[in-house]
Amino acid sequence: MHEITGLDSMRAWSRAEKGRGRRIGFVPTMGYLHEGHLRLVDHARQRTDRVVMSVFVNPLQFGPKEDFTTYPRDIARDRGLAAGRGVDVLFVPEGKAMYPTEPMARVVPGPMAEVFEGAARPGHFAGVLTVVAKLFHLVEPDIAVFGRKDFQQAMLVRRMVLDLDFPIEVEVVPTVRELDGLALSSRNAYLNPDERRAALALSRALRAVEQAWRGGQADAVELQRRSIEVLKAPGVNPEYLALVDENLQPVARPNARTVVVTAATVGATRLIDNVVLGEGIAADPTVRAA
Ligand code: AMP
């Protein structure tokens, strides 16, 4: 595995590979890798000839009171995991190289970024789309792979690629969970054992909606009401739970493609999760806790 830090070197490598007729898959991350990230690598490897993974904790997408400085980092461990899974290039740009000055021009994501995560984290998606646009220009991939765990983010990236004519296919991979249902997340490292148990309320609430829907309940308001009750577990502060379509618009009569998105705070940690009704949580790939 090569490790590249220079922006020009990254682009030069990609262009050389493409000159040899190779297709490039790209997996952007903020590091502190887990099996969820590595499944994106598996997907990219199946679809392309060379896989680039970036590790960059992007300051632009963190609010002033958020966890940019404390976000978990372990590049030595990431290096081993990425190499072991067949990543060809680990792209680790420095903050000063990505943002030599405070960026003036940024991507404006539009109304889809104002709801749910965007409402809770003002400016978050402008920061995400700006760094993703920069990374796309530096890596010039054929395919970029994102996790459904961050459903709103994946849909916004898809929209940006369409609206701004990036010649890139965006692919979205199902959420990887631990056996008990907890979606893998780098931020799970913040949870103490009690919080870890309480955090299961998110996947339990999503499973409750899915099962009620499968059982014939077709009214979104009723489904939402029932599952919020499940989410209101001790130690859990529910933020939202809603049934939406791929544009993050509320759905009144859910179908198999409807997505249930949720966020809750457990202790000091904000967690998000979602389920596609037709797929369910049980059908998702699971993994044993690391
Ligand atoms: P992050 O490092 O948290 O910015 O995530 C990088 C990529 O990994 C994003 O596309 C996430 O959606 C994806 N990802 C994070 N957690 C999971 C998971 N549990 N399952 C699948 N993909 C994930």
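Counting starts at 1 for both ligands and their atoms, following the listed order. Computed over heavy atoms, backbone and side chain alike; hydrogens, waters and symmetry mates excluded.
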State if A154 counts as touching ligand 1 under the rule of any non-hydrogen atom under 4.0 Å.
no
Looking at Y32, is R77 sitting on its ring face, NZ or CZ under 6.0 Å from the six-membered ring centre and within 45 degrees of the normal?
yes
Looking at E279 and R148, is any side-chain nitrogen of the basic one under 4.0 Å from a carboxylate oxygen of the acidic one?
yes
How long is the straight-line distance from CZ of R45 back to CG of D88, given to the nearest 0.5 Å?
7.5 Å
Close-contact set for ligand 1 against V176 heavy atoms, below 4.0 Å:
18 (C), 19 (N), 20 (N), 21 (C)
I'd like to check whether F146 has a polar contact with ligand 1, where a contact means an N/O of the residue lying under 3.5 Å from an N/O of the ligand.
no
Is the shortest side-chain N to carboxylate O distance from E117 to R270 below 4.0 Å?
yes
Does any pair with a residue in residues 78-134 pass ring pair (Phe, Tyr, Trp, His ring centres under 6.0 Å), and if so which ones, sequence neighbours excluded?
F116-Y240
So, taking the atom named CG in L231 and the one named OG in S203, what distance separates them when rounded to the nearest 0.5 Å?
10.0 Å
Is there a heavy atom of H34 sitting under 4.0 angstrom from any atom of ligand 1?
yes
Based purely on interatomic distance, does T175 place a nitrogen or oxygen under 3.5 Å from a nitrogen or oxygen of ligand 1?
no
Under a 4.0 angstrom heavy-atom cut-off, which atoms of ligand 1 come close to L184?
16 (N), 17 (C), 18 (C), 19 (N)
Rounded at 0.5 Å granularity, tell me how far OG1 in T258 sits from CD in E210.
12.5 Å
Can you check whether A183 has an N/O within less than 3.5 Å of an N/O in ligand 1?
no
When rounded to the nearest 0.5 Å, the distance separating CG of D150 from CE of M155 is 11.0 Å
Quick note on ligand 1: atoms under 4.0 Å from a heavy atom of P174 include exactly 21 (C)
How long is the straight-line distance from CZ of R197 back to CG of N192, given to the nearest 0.5 Å?
8.5 Å
With no hydrogens and no angle check, is any side-chain donor or acceptor of R187 less than 3.5 Å from a backbone partner on T269?
no
Would G147 count as being in polar contact with ligand 1, using the rule that some N or O on each side must be under 3.5 angstrom apart?
yes
Looking only at heavy atoms of R39, does any of them come nearer than 4.0 Å to an atom of ligand 1?
no
Minimum non-hydrogen distance to atom 3 (O) of ligand 1, winning option of Y71, F56, Y32, F151
Y71
Could you list which atoms of ligand 1 come closer than 4.0 Å to a heavy atom of P28?
6 (C), 7 (C)
Would you mind running through ligand 1 and noting each atom that sits below 4.0 Å from a heavy atom of L40?
7 (C), 8 (O), 10 (O), 13 (C)
Out of K149, H37, M30, whose heavy atom is nearest to atom 5 (O) of ligand 1?
H37
Can you confirm, on distance only, whether ligand 1 has an N/O atom lying under 3.5 Å from any N/O atom belonging to T29?
no
For atom 11 (C) of ligand 1, what is the nearest protein heavy atom, given as residue, atom name and distance?
D150 OD2, 3.1 Å
